[in-house]
Amino acid sequence: MNKNYEKLLEYIEKSIAMSSALAIFEWDNETLAPESAIENTSKIMGILAKENHKALINDEVKELLATLEQEDDLTLTERKTVEKLKKEYEQLNAVTAEEYQEYNELTAKSANAWAKAKEQNDFSVFAPFLEKIIAFNKKMAANRSKDEGSIYNVLLDDFEEEFTTDVLDKFFEELKKGILPLANKIKDKEDSINFDFLRKDYDIEKQKEFNRFLAEYVGFDFSKGVIAESEHPFTTNWHNHDVRITTHYYKNMPESAIFSTIHEAGHALYEMNVADKYTMTMLAGGTSMGVHESQSRFMENFIGRSEAFWKPIYSKLQETFPENLEDVELSDFMKAVNRVEHGFIRTEADELTYSIHVIIRYEIEKMFMEGDVNIDELPQIWNDKYEEYLGIKPENVSEGILQDIHWSQGSIGYFPSYALGSAFAAQFFHKMQEEINVEEALLDGDMAKITTWLKENIHQYGSSKNAKELLKDVTGEKLNTKYYIEYLTEKYSKLYDL
Ligand code: ZN
């Protein structure tokens with residue numbers, strides 16, 4: 001191995017150790033930590049973040065990166081690692097270690113304030129935190145910006161390389177054109193599907209048992225992972241042998257946990273299936289949030305909401321809840337879990353209106369990143385957009401602007417990943433169906449056939465290819481929204497007899 005590269009690895013490993021420690025606290029804060037822990041935990045997290053900053057941002061690393069960029073005896077993996085680290089170096093170098101510490105303390109506290117604000121239905125509890133987070137991100141993005149373009153692009157690039165506002169504006173216009181007329185046509189027919197049986201009492205302990213079965217059924221490996229509970233379901237991981245997911249159980253909405261478990265298991269499979277050669281390196285883990293969402297949304301929607309998926313296992317669900325489902329036919333269950341609802345909550349949204357929720361968030365982020373928006377006006381802006389696009393107006397901030405955790409954690413530029421992920425997933429799904437008989441595999445209960453395809457084509461590469469490269473290598477073309485729109489049109493025209 002190249003001597004300079006070997007030296008660089010020491011710094012990388014130290015940084016991975018620091019960020020792993022930080023991630024354990026993040027996981028703990030969302031799952032088990034008692035409420036009063038946050039004041040001190042946020043301090044610890046700030047210090048860890050500062051140490052992480054110092055491990056990477058120093059003259060030795062700077063010199064090593066400059067030298068390694070000129071060397072020609074690096075392997076492909078080594079060269080990709082240098083490229084990735086250089087990007088991270090520039091990202092972290094935009095702020096001092098002290099500022100970085102302060103920011104990490106702020107986001108730890110802010111996530112807590114968000115939860116309180118949401119619970120109390122009071123935006124003013126969260127507003128001062130949000131104001132600071134936006135200001136910090138604007139400053140950091142401006143420092144990192146290399147040209148005159150939008151500073152929002154700097155943040156977007158962290159989640160999906162090269163998907164700038166120009167690309168996204170076009171992408172979302174195409175989605176609006178394809179989805180809004182279809183959603184409008186369905187609006188009057190929303191009541192035609194019965195889902196009363198999903199609003200009965202579903203024992204939480206039994207739900208837990210069933211969701212554990214479900215995770216295992218789609219391929220989640222419990223020797224490398226755990227399931228916990230949190231307000232907002234998410235996936236985190238330290239490496240491919242320690243992947244954690246959460247879900248959230250509602251007594252009168254069993255489908256919420258069911259589909260969030262399948263969704264998070266989709267994220268988890270991606271992480272678990274990355275090749276071991278990338279473990280604990282810069283190339284470990286999913287390549288971007290968009291590709292990550294393509295894997296979770298693929299599992300949740302294209303697979304998890306299909307009748308072929310449920311055919312072998314629906315009787316198990318009926319046996320778990322005979323009092324509610326004994327007389328419910330599979331076809332009626334499928335209609336109920338696929339029905340369209342012009343609702344307020346993104347995480348509970350159906351596949352059709354889902355991207356509209358994302359468009360609203362994208363437009364608001366673009367607005368506050370590129371212009372001056374008074375923080376106090378954001379709830380109103382949010383509500384107006386819901387009225388404009390979905391024809392409904394949230395009655396309170398918990399169902400409105402406070403519903404998502406992302407901004408409180410400093411994740412600005414993340415939301416477009418959800419819509420991109422759905423579009424990537426449709427394109428991958430189209431290709432997969434050309435190569436294997438997906439429906440037959442599902443009817444046979446042979447999930448491994450599907451997950452093996454995903455592993456071979458996508459998962460194993462970790463971060464060694466970005467979204468654009470993966471799309472090209474797997475499907476032979478760049479992002480094409482045609483597949484997603486065709487899939488939605490066909491599915492919902494059939495479901496609502498259009
Ligand atoms: Zn997700």
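Counting convention: from 1, in listed order, for ligands and their atoms alike. Heads up: numbering here begins at 1 and tracks the sequence.
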In residues 343-352, what donor-acceptor pairs under 3.5 Å come from side-chain atoms, sequence neighbours left out?
{"from": "Arg346", "atom 1": "NE", "to": "Asp404", "atom 2": "OD1", "distance (Å)": "3.2"}
{"from": "Arg346", "atom 1": "NH1", "to": "Tyr354", "atom 2": "OH", "distance (Å)": "2.7"}
{"from": "Arg346", "atom 1": "NH2", "to": "Asp404", "atom 2": "OD1", "distance (Å)": "2.9"}
{"from": "Glu348", "atom 1": "OE1", "to": "Ser256", "atom 2": "OG", "distance (Å)": "3.4"}
{"from": "Glu348", "atom 1": "OE2", "to": "Ser256", "atom 2": "OG", "distance (Å)": "3.1"}
{"from": "Asp350", "atom 1": "OD1", "to": "Leu352", "atom 2": "N", "distance (Å)": "2.9"}
{"from": "Asp350", "atom 1": "OD1", "to": "Thr353", "atom 2": "N", "distance (Å)": "2.8"}
{"from": "Asp350", "atom 1": "OD1", "to": "Thr353", "atom 2": "OG1", "distance (Å)": "3.2"}
{"from": "Asp350", "atom 1": "OD2", "to": "Glu341", "atom 2": "N", "distance (Å)": "2.9"}
{"from": "Asp350", "atom 1": "OD2", "to": "Thr353", "atom 2": "OG1", "distance (Å)": "2.8"}
{"from": "Glu351", "atom 1": "OE1", "to": "Tyr487", "atom 2": "OH", "distance (Å)": "3.4"}
{"from": "Glu351", "atom 1": "OE1", "to": "Lys491", "atom 2": "NZ", "distance (Å)": "2.5"}
{"from": "Glu351", "atom 1": "OE2", "to": "Tyr487", "atom 2": "OH", "distance (Å)": "2.7"}

Counting backbone and side-chain atoms alike, does Glu293 have an N/O/S atom under 2.8 Å from the Zn ion (ligand 1)? yes

Output all residues satisfying salt bridge (charged side-chain N to carboxylate O under 4.0 Å, His left out) with Arg199, sequence neighbours left out; order by chain, then residue number. Glu255

May I ask you to check whether His292 brings an N, O or S atom to under 2.8 Å from the Zn ion (ligand 1)? no

Charged tip of Arg297 within 45° of Phe302 ring normal and under 6.0 Å: no

Could you tell me the angle subtended at the Zn ion (ligand 1) by NE2 of His263 and NE2 of His267, rounded to 10°? 100°

Pair Asp473 + Lys465: basic N to acidic O under 4.0 Å: yes

